[in-house]
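Notes for the one structure printed next.
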Amino acid sequence: MSRFTRRWPVIFLLAAALLAGGAAVVLRYTVWSDPTATAARLDALMIRILGSTEELKASELLSYHRIEGGTVACMREHGMPYESAPFFSRYEGFTDADLGYGTGRAGVLDSVTEHGRRFITNVLGHAHMPAGYYERGAPPGVDPDGWAAVVNGCRAPYEYRDYHDFLPPTGAYELSDLPGIGSDIIGDSMIKLGIMRYSPCMAELGYQVEWHGRDDFLFHDWGLRLEDAPVNGRPATPAWNDAVAALTATFTADATCREASYRPAMRLLASRLDRWEAEHRAELDAIRAEWRCRVAEAAGLPTTLA
């Protein structure tokens, strides 16, 4: 029979303290390793680096005035007629929820909830293109070859870019790859084990694909045609619905089979992000300042050219 001595209260208090401390450790670990919270933080970080919807639209408008406006002015200087391209935004209908890290990298950190949605919204944005956008040419009575030569000369300073094809702030693309973190993630043993499970898992779901073949497997022509897209009050065609269903099912299966590698990758990412952001603070601040400057510069600009 145990005897209750003065030592027992001490032991009970110590056990209670350990339990309380342990609970606190478990709570901190749960919050720290929650992949949903880490994914939300990663999405927000990507928007900080690669721009919000407002910032992307502002960049489009600035690019429109720079490229189309510059081409118009150049053609006038050469005495050539020129019908400028109309302005439209390929981010029409986008919200910041459509941005973030997404599924466009065929990497272990790709979203497990986005399911390829950005591929669909990209086509939807492009479908707002006005009719005849790419069909502008020399007006009647003007030598088409001579006209084309002048147009090419006027567009050369802009590297023949469409105004939608603008660049983010300097260093943004490079920073969005999270330099210094990727090698840690790929080299982690738990993540490697999860990657080994990917191909058998996909086979069980009816897909034959190796981990290193995911680029071609995920990023191909899904049959999302502009003329089939549901925009401007036009309903989606059956072909559009079929393409969306196939894309979504494939990306959903990919996300399911990435869970074994995704969860440890997100835990590892969560443990690295604070230090990474601190190390890249100056770059992040400079990129943020550039995006906000673009918004300020685009404020009040018209969507037509004089």
Side-chain angles (χ1 to χ4, degrees), residues 17-50 52 96-118 172-205 207 209-215 217-219 248 250-281 283-284 287-288:
L18 288 172
L19 285 172
V25 169
V26 170
L27 178 60
R28 285 197 299 271
Y29 181 82
T30 302
V31 172
W32 171 79
S33 63
D34 177 15
T36 302
T38 305
R41 183 177 176 184
L42 179 60
D43 285 342
L45 178 61
M46 288 301 109
I47 292 172
R48 285 171 61 196
I49 296 171
L50 296 177
S52 66
D96 285 355
D98 297 307
L99 305 177
Y101 196 83
T103 53
R105 301 167 192 256
V108 69
L109 294 177
D110 279 10
S111 172
V112 293
T113 58
E114 194 250 19
H115 301 323
R117 172 68 184 167
R118 181 64 184 269
Y173 283 148
E174 293 79 5
L175 206 60
S176 69
D177 287 334
L178 303 176
I181 291 182
S183 57
D184 288 348
I185 288 176
I186 293 300
D188 183 81
S189 58
M190 289 298 295
I191 295 167
K192 287 181 177 179
L193 287 173
I195 288 174
M196 291 175 62
R197 175 70 184 117
Y198 178 79
S199 183
C201 174
M202 289 295 283
E204 291 173 6
L205 298 179
Y207 300 93
V209 57
E210 298 294 330
W211 177 268
H212 295 296
R214 290 173 62 233
D215 279 41
F217 177 71
L218 296 173
F219 310 146
T248 304
T250 303
F251 274 86
T252 301
D254 175 78
T256 298
C257 293
R258 261 191 306 113
E259 280 285 349
S261 56
Y262 176 81
R263 287 184 174 274
M266 294 305 273
R267 284 196 294 268
L268 188 57
L269 177 66
S271 71
R272 300 288 196 276
L273 274 180
D274 284 342
R275 176 180 293 181
W276 186 89
E277 289 189 24
E279 291 173 348
H280 295 278
R281 178 65 56 202
E283 298 158 89
L284 289 168
I287 289 170
R288 277 286 82 226

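Quick caveat, the model's predicted, so the values are computed rather than measured.
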To the closest 0.5 Å, what do you measure between CG (L269) and CD1 (I181)? 5.5 Å
Within this structure, what is the OH-CD distance for the pair Y198 and E259, rounded to the nearest 0.5 Å? 12.5 Å
Salt bridge (charged side-chain N to carboxylate O under 4.0 Å, His left out) partners of residues 180-193, not counting sequence neighbours, each pair once: D184-R272
Would you name the heavy atoms of P264 and M190 that are closest together and state the gap between them? CB-CB, 4.1 Å
Under the side-chain hydrogen bond (donor to acceptor under 3.5 Å, both in side chains) test, residues paired with E210 that sit two or more places apart: S199
Measuring from L178:CG to S176:OG, what's the distance to the nearest 0.5 Å? 7.5 Å
Find the distance between CG (L99) and CZ (R118) and round it off to the nearest 0.5 Å. 5.5 Å
Can you give me the closest heavy-atom contact between A265 and I191, atom names plus distance? CA-CD1, 3.5 Å
Can you give me the closest heavy-atom contact between L109 and Y262, atom names plus distance? O-CE1, 3.9 Å
So the salt bridge (charged side-chain N to carboxylate O under 4.0 Å, His left out) pairs with at least one residue in residues 98-116 (sequence neighbours excluded) are R105-D177
Could you tell me which non-hydrogen atom of Y207 sits nearest to which non-hydrogen atom of A253, and how far apart they are? CE1-CB, 3.5 Å
State the OG1-CG distance between T38 and L45, to the nearest 0.5 angstrom. 12.0 Å
All side-chain contact (heavy atoms from CB on, under 4.5 Å) counterparts of M196, not counting sequence neighbours: L193
Restricting to salt bridge (charged side-chain N to carboxylate O under 4.0 Å, His left out), what partner residues turn up for D96, sequence neighbours left out? none
Residue pairs meeting ring pair (Phe, Tyr, Trp, His ring centres under 6.0 Å), one or both in residues 174-195, sequence neighbours left out, come to none
R41 bridged to D274 by N-O distance under 4.0 Å: yes
Provide the closest heavy-atom pair for T103 versus S111 in the form atom of the first, atom of the second, distance. CG2-O, 3.4 Å
Hey, is the main chain of R197 close enough, under 3.5 Å, to the side chain of W211 for a donor-acceptor pair? no
Expected output: side-chain R48 to main-chain R288 donor-acceptor under 3.5 Å: no
Is there a side-chain contact between R258 and R214 in this structure, where contact means two heavy atoms from C-beta onward sitting under 4.5 Å apart? yes
Less than 4.5 Å apart, side chain to side chain, heavy atoms only: is that true for E204 and C257? no
Heavy-atom closest pair (D43 atom, Y101 atom, distance to 0.1 Å) is OD1-N, 2.9 Å
Rounded to the nearest 0.5 Å, the CG atom of L205 sits from the OG1 atom of T256 at a distance of 6.5 Å
Go through the steps for L50 and Y173 under the test side chain to side chain contact (heavy atoms under 4.5 Å, CB included), then give the verdict. CA-CA 7 Å; L50 296 177; Y173 283 148; 4.0 Å; yes
